[in-house]
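Comments concern the structure below.
Convention: sequence-line order gives letters A, B, ...; per-chain numbering from 1. The shown structure was predicted, so the numbers you read here are calculated from the model rather than taken from an experiment.
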Amino acid sequence: MDYDFAAIEQKWQTWWHAEGVYRVQEDTSKPKCYVLDMFPYPSGAGLHVGHPLGYIATDIYSRFKRHTGHCVLHPMGFDAFGLPAEQYAIETGQHPATTTEKNIATFTEQLRRIGFDYDWSRQVRTSDPQYYRWTQWIFCRLFDHYFDPGEGRAKPIQALDAKFARQGGPDFSADQYQTMTHEDREKVLMGYRLAYLDYADVNWCEALGTVLANDEVKDGLSERGGHPVVRKKMRQWFLRITAYADRLLASLEELEWPPALKEMQRNWIGRSEGASCLFRTADGQHSLEIFTTRPDTLFGATFMVLAPEHPLVIALTTADQQQAVSAYLAYAGSRSERDRMAETKTVTGVFSGSYVLHPLTENLLPVWIADYVLAGYGTGAIMAVPSDDNRDYAFAQHFNLPVIDVIDRTENPAAAREDKTVGVLQNSGFLNGMRIPQAIEAAIQELERLNIGTRQVNYRLRDAGFSRQRYWGEPFPVVYRNGVPEILPDSQLPLTLPEVSSYRPTGDGLSPVASARNWVHLGEGLERETDTMPGYAGSSWYWLRYMDPENNSAPFSTAKEQYWGQVDLYVGGAEHAVGHLMYSRCWSHFLFDLGLVSQPEPFKRMVNQGMIQGRSSLVYRIEGSNTFVSAGIRDQYPCTALHVDISLVEDDQLNLEGFQAWREEYREAEFILEDGVYRCGTEVEKMSKRWYNVVNPDDVCNRYGADTLRIYEMFLGPLDQPKPWDTRGIDGSFRFLKKVWRLYFPRDENQAINDLAPTVQEWKTLHKAIAKVRSDIDRLAFNTAVSALMVCVNELTSFKTNKRAILEPLSVLIAPFAPHIAEELWHSLGHRDSVVHAPYPVADPSWLEEETFEYPVSVNGKLRDKVVLPLAMGKEEVETEVLRREAVLRWLDGKPPKRVVVVPGKIVNVVV
RNA sequence: GCCGGAGUGGCGGAACUGGUAGACGCGCUGGAUUCAAAAUCCAGUAAUGGCAACAUUGUGUGGGUUCGAGUCCCACCUCCGGUACCA
């Protein structure tokens, strides 16, 4: 009987499905384990072999946890709202729901073939009204709450409303608030809600009549059509994620995430401590607020710089500078973000004509305008300290502005200009002689005493834009009554998407939803919001829905949430390092404040799987001809490398007829061969249709089976490293499974499995593998776990092991990696239940005890003695141990040896 | 520039806290089996020298710590990923 993977895999996948072996039921008698994959966007292209890598890893991990007595939740779903489906709808007129449905079916079928242990009954889809009902529900809660900085958590907006009515607010009294109109009160509260409306720039393309996402804009032109794109203010929804900045930063500490990922999140939040400071203009008309992390260098400020977009630019420009400033603003406005980033070396700017007073020295400081200061960070204005900031220094040099050296670095000449810790203050009045950290403190205290500045923490993090002018997303459960937004009562959720006749943008900047007139207009002065939520809305809480996907009265039940708690292991791509993970953490913190989840942090342990790269094949065309030269001899000709479809290449040799048939232009192609064949060059690069190097998992499953695919993907290398796919290497994994098969179904009938007692060697081999595989799975080192299994199977093969006592635990040992063959083997041993729930074998330490070895000891090249020592003993320990032996000492005559050479496991050489 | 991570055979990669470098797999070489091939099995495979036992050199480069360094420290080079006029 041969290893017929196709029949085996088909058989057990059907059986698992029929038996419901992967159905998860909360079981309080067991410890829980929640293993999660980032759910995919169901694109039309289907999967390539890179996609399942992370899924295979979580599958092995979750199966292992199930074998070791955990109640495991390992769900899968689809992030089904998004742009590609909408684009496709625009082009074909098909409803995005239809194409999405079709794509999901393809994905599901591809995933099923690989034999994952997902509980498909818990599947979620973000575009399902029964799911987005609760996304809308959470949005309503965000709208209904504000962040109380005193308590550091979200509270109901009614509490703030009551507080304002009782004690007034920042710039109004209680009486004033009470007498405000409803509209005005709402305006005030809008400044606090966690989901709020504000005006912000969007990428507006007049020609297309639509708003574009950032990645649809290239160099100021629309990616499709190349029409000009301008910034335009529009009223949009935002999430006040900045309110949670401190908490999101602090709780990063407790997470078992890759250090790089945590660092990216830290940088994204970009917390910096410093001070704000007010500079009055010389005419006393205005004051300019700046933020600095170096208040200690206040005496070194010799000029001020405003961002071109700063609101005071107009007011501070004097008549005689009017022209120069207008010209500069026009120039700055014409430069895209990209231009600005690209040429950071060029110094540009213009003098406004105005001066401010230095708050401490009363000196006059000129106010300049330059685009190296960004409107979006801090206050959009800085005090320039050329002595301690490289950009300020370059600017001062270029425009010949004064420099006051305020830091004495003689103690540490190597210190950089912007070094924040090294040096002593000079030329700085009362700060003179202080070290930098001390001076920062003193300066802040002085600013606060003079009431012109205050200690301040600044963040790079911006509030998240939450509006999209698109069709295929969650509708906002919002109605405008005379322009004032109100959320729908929970009983009216879900608010489903209206049917529209066209998915094309309306041309006036509104979402296609706006064309559903009856849906939008509810009566006099009563209109629905026509924007939809962005792609990340549905993915910001989906892991919670898996816990209780059928719930019709709440997003999830408290009891189920308390059982499943945090995600124990989350695996996904690093491309979501800041977006999805930041939003999800924020929503989770918010739900925690509401008492809906038991921990603020959603994902305890996180791993980014590395990308599987493609191995492209290249052919070399001699320039100006249709002749192709083999890779080994291409240096003899001037030629260009061209990508060729890897399906036309076998073992790096080109299928010549196939190549000629591939493209019309190659029909007449001629070839210069080497050794009678055409060899292709290879290149490792991203797996992409563009390079014709995509390997489809279905093809691998057809040829080798899902178990081989799983083993090979894990064997390729560490989970988190990028690694090239090389189909030629897959034979090793396939051979491994065939060897496993032969242990259970030997060719020789006399070798049939029996109940004899295994030998010591057999036990040792098995238990060594158990110990190694268990610890490797724990640290997600699946590549070495597979190696350990290979060693084990190789040894058992050489022992011709056919003992049930070894082979039974072996089938379970292999089960997480190759579940189909394991299930077949398990049943072949007479079991009727599924191997999926079999207890994982435990390593017996008595079989792992160290072996000993009898070391021959040679003194000056002559064999003199023998000592018995553990084989695994270190070289030096052996040495010490040998020299301690009386018998050896006798041969040394008490003299210290010149040299002792231990060849571990072989001999000890002593040279006197 | 800054922040992460990594440089090990022909290739992918092992070596988990300093202790036999190159596990495991691919490829390659030789052999067995076969009419032949595929498949399978056995042996070998870092380099150099040697028939061999073995010796010497070897983990990007140069130093250092240590009885002992791929692993730790310092300096540098290269590659990958992220990020940036962030005041």
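Out of B/G27, B/G13, B/G12, the shortest distance to the side chain of A/D731 is found at B/G27. Of the candidates B/A14, B/C26, B/G12, the closest approach to any side-chain atom of A/R728 belongs to B/C26. If you check B/C85, B/A87, B/A84 against the side chain of A/I382, the one that comes closest is B/A87. Among B/C86, B/C3, B/G25, the nucleotide with an atom closest to any side-chain atom of A/E263 is B/C3. For A/A260, the side-chain atoms get nearest to B/G4 when compared with the rest of B/C85, B/G4, B/C24. Here B/G5 is the nucleotide among B/G5, B/A87, B/G4 with the atom lying nearest to any side-chain atom of A/Q721. Closest contact between the side chain of A/R747 and the listed nucleotides B/G5, B/A87, B/U40 involves B/U40. Distance from the side chain of A/T293 is smallest for B/A87 among the nucleotides B/A87, B/G82, B/C85. In this structure, the nucleotide among B/C85, B/G5, B/C86 sitting nearest to the side chain of A/Y377 is B/C86. Comparing B/C24, B/G82, B/A87 against the side chain of A/T292 picks out B/A87 as the nearest.
Spacing between atom CG of A/D720 and atom P of B/C16 amounts to 16 Å, rounded to whole angstrom units. Put simply, CG on A/N267 is 13 Å from P on B/G5, counting in whole angstrom units. As a whole-Å value, the separation of A/Y3 OH from B/U40 P is 13 Å. Atom CG in A/L306 sits about 16 Å away from atom C1' in B/C85, given to the nearest Å. One can place CH2 of A/W725 at 18 Å from P of B/G25, the figure rounded to the nearest angstrom. Whole-Å rounding puts the A/M714 CE to B/G13 C1' distance at 15 Å. The CG atom of A/N783 sits 12 Å away from the C1' atom of B/A15 (whole-angstrom rounding). The distance from atom CH2 of A/W268 to atom P of B/U83 is 8 Å, rounded to the nearest whole Å.
A donor-acceptor contact closer than 3.5 angstrom links the side chains of A/T242 and A/D463.
Separating the P atom of B/G60 from that of B/C79 is a span of 16 Å, rounded to the nearest Å. Spacing between B/G10 and B/U59 at atom P, rounded to whole Å, works out to 14 Å. Between B/C67 and B/C41, the distance separating the two C1' atoms is 45 Å to the nearest Å. Taking the P atoms as reference points, B/A37 lies 24 Å from B/G44, given to the whole Å. Comparing the P positions of B/A14 and B/C24 gives an interatomic distance of 14 Å, to the nearest angstrom. Taking atom P in both B/C76 and B/G4, one finds a spacing of 16 Å when rounded to whole Å. Remark: the separation of the C1' atoms in B/G70 and B/U8 is 7 Å, to the nearest Å. One C1' atom belongs to B/U34, the other to B/A47, and the distance between them is 37 Å to the nearest Å.
Other residues, nucleotides and ligands place more than 12 heavy atoms under 6.0 Å from the OH atom of A/Y377.
Here A/D776 lies out of heavy-atom contact (under 4.0 Å) with every strand. The residue A/P258 sits apart from the nucleic acid: no heavy atom pair falls under 4.0 Å. Note on A/R735: only backbone sugar-phosphate atoms sit closer than 4.0 angstrom, heavy atoms only; bases stay farther off. Residue contacts shown for A/K739 are limited to sugar-phosphate atoms, with no base heavy atom under 4.0 Å away. Note on A/N794: only backbone sugar-phosphate atoms sit closer than 4.0 angstrom, heavy atoms only; bases stay farther off. Within the 4.0 angstrom heavy-atom criterion, only backbone atoms of the sugar-phosphate kind lie near A/R779; the bases stay farther away.
If you find the closest nucleotide of RNA chain B to A/A788 and to A/T797, the one lying nearer the 5' end belongs to A/A788. For the pair A/S798 and A/S787, nearest-nucleotide mapping onto RNA chain B gives the more 5' position to A/S787.
Contact between A/R460 and A/W268 at its shortest, heavy atoms only, is NH2-CE3, 2.9 Å.
In this structure, CE on A/M264 lies 13.0 Å from CD1 on A/I269, to the nearest 0.5 angstrom. Atom CZ of residue A/R615 and atom CD1 of residue A/I646 lie 9.5 Å apart, to the nearest 0.5 angstrom. To the nearest 0.5 Å, atoms CZ (A/R742) and CZ (A/R747) are separated by 4.0 Å. A distance of 9.5 Å separates CG of A/L261 from CG of A/L255, quoted to the nearest 0.5 Å.
In this model, the phosphate group of B/C86 is not approached by any side-chain N or O of A/N458 to a distance below 4.0 Å at OP1 or OP2. Phosphate contact (OP1/OP2 of B/C86, side-chain N/O of A/R391, threshold under 4.0 Å): present. The shortest distance between the side-chain N/O atoms of A/K738 and the OP1/OP2 oxygens of B/A39 is not below 4.0 Å.
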Dot-bracket notation for RNA chain B, counting Watson-Crick and G-U pairs under 3.5 Å, with | for partners on another strand | (((((((..(((......[....)))((((((.......))))))((((....))))..(((((..]....))))))))))))....
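Note on ring orientation: taking the six-membered ring where Trp is involved, the planes of A/W741 and A/Y3 are tilted (angle from 30° to 60°). Between A/Y712 and A/W725, the two ring planes are perpendicular [angle over 60°; tilted spans 30° to 60°].
By the side-chain hydrogen bond (donor to acceptor under 3.5 Å, both in side chains) test, A/S387 is found to be paired with no residue, residues two or more places apart in sequence or in another chain being considered.
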Side chain to side chain contact (heavy atoms under 4.5 Å, CB included) assessment of A/I407 paired with A/R294 | CA-CA 12 Å; A/I407 306 288; A/R294 294 295 302 274; 3.8 Å; yes
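In this structure B/G9 sits in the syn conformation; its chi angle is within 90° of 0.
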